[in-house]
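Residues: numbered from 1 along the sequence shown.
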Amino acid sequence: QLGLALHDDLLDLLERTTDDSMGTSPADIATRSLIEPCLALLLATGSDAAIAAAERQLRSPNPTRAIRALAQLVHLDAAPIDDYVAETYERWKAAPKLLDRWLRAQSGSRRADTIERVAALRGRYRVALNQELIAGDPALAEGDELVLIPPVAGGSAPPPRRAVVL
């Protein structure tokens with residue numbers, strides 16, 4: 001209900017603050033920290049204007065804005081999540097920190113298909129269970145630590161070895 005009551009004000013706030021740079025001043029950082037809660041409230045209304053505002057944030061050249069938008073868009077059952085994920089992966093595939101945030105945004109989704117969606121990413125990542133690289137689909141127990149290691153951090157399969165005859 002709060003999102004409905006503040007809908008137009010939140011949209012206005014997002015529009016007024018869209019042009020921030022990659023600034024590091026406290027004001028710049030504070031402005032970017034408002035993106036996610038504003039989008040959460042707006043997207044809960046289900047309005048087309050809210051989705052459009054989130055998509056504009058997703059396409060922002062500022063990666064913090066884009067990650068925060070992705071983190072909220074992945075909760076929507078009706079949103080084209082595959083498109084958002086593919087688009088952002090292409091933008092950030094060479095940036096390990098952004099890929100980590102990209103993966104965390106997806107794995108935090110409240111959608112019913114979150115586990116399947118994250119499991120489908122596995123082809124891009126190596127998997128470690130309790131600090132040991134694994135293959136296959138092991139059973140997980142309470143307290144297990146599962147880590148996905150992206151290609152830029154050594155997560156892709158190792159290159160084939162080539163023998164050199166001397």
Student: Determine whether H75 and L43 make a side-chain contact, defined as any pair of heavy atoms from C-beta on separated by less than 4.5 Å.
Tutor: no
Student: Might you point out which heavy atoms bring L70 and W92 nearest each other, and give the distance in Å?
Tutor: CD2-CZ3, 4.5 Å
Student: Write down the atom of D144, the atom of N130, and the distance for their closest heavy-atom approach.
Tutor: OD1-ND2, 3.0 Å
Student: Which heavy atom of A105 sits nearest to which heavy atom of V74, and what is that distance?
Tutor: O-CG2, 3.2 Å
Student: Provide the closest heavy-atom pair for I67 versus W102 in the form atom of the first, atom of the second, distance.
Tutor: CD1-N, 3.7 Å
Student: L13 and L41: same hydrophobic cluster, using ILVMFWY side-chain contacts below 4.5 Å?
Tutor: no
Student: Please examine the side chains of R65 and T31, heavy atoms only from C-beta on, and report whether any two atoms are closer than 4.5 Å.
Tutor: yes
Student: Kindly work out whether a path of hydrophobic side-chain contacts (I/L/V/M/F/W/Y, heavy atoms less than 4.5 Å apart) joins L2 to L39.
Tutor: yes
Student: So do T114 and Q106 actually touch side chain to side chain, heavy atoms under 4.5 Å?
Tutor: no
Student: Between R56 and L14, is there a side-chain heavy-atom distance shorter than 4.5 Å?
Tutor: no
Student: Would the number of heavy atoms belonging to other residues, nucleotides or ligands and lying under 6.0 Å from CD of Q131 be above 12?
Tutor: no
Student: Closest approach of S60 and A66, non-hydrogen atoms and distance?
Tutor: O-CB, 4.2 Å
Student: Under a 4.5 Å cut-off applied to non-hydrogen side-chain atoms, are N62 and R68 in contact?
Tutor: no
Student: Are side-chain heavy atoms of R91 and E87 found at a separation under 4.5 Å?
Tutor: yes
Student: OG of S109 to CG of L76: how many Å apart, nearest 0.5 Å?
Tutor: 8.5 Å
Student: When the side chains of residues 47-55 are checked against the rest of the protein, which donor-acceptor pairs come out under 3.5 Å, sequence neighbours left out?
Tutor:
from : atom 1 : to  : atom 2 : distance (Å)
S47  : OG     : H7  : NE2    : 2.7
S47  : OG     : A50 : N      : 2.9
E55  : OE2    : Y84 : OH     : 2.5

Student: To the closest 0.5 Å, what do you measure between CG (D12) and CD (E15)?
Tutor: 8.0 Å
Student: More than 12 non-hydrogen atoms from neighbouring residues, nucleotides or ligands closer than 6.0 Å to CD on E116, yes or no?
Tutor: yes
Student: Salt bridge or not between D100 and R104? Use side-chain N to carboxylate O under 4.0 Å.
Tutor: yes
Student: Rounded to the nearest 0.5 Å, what's the gap from CD on E132 to CD on E145? Could you check?
Tutor: 11.5 Å
Student: Has T45 got a side-chain atom pairing as donor or acceptor with G3's backbone, closer than 3.5 angstrom?
Tutor: no
Student: Indicate the atoms forming the closest heavy-atom contact of S33 with A30, along with that distance.
Tutor: OG-O, 2.6 Å
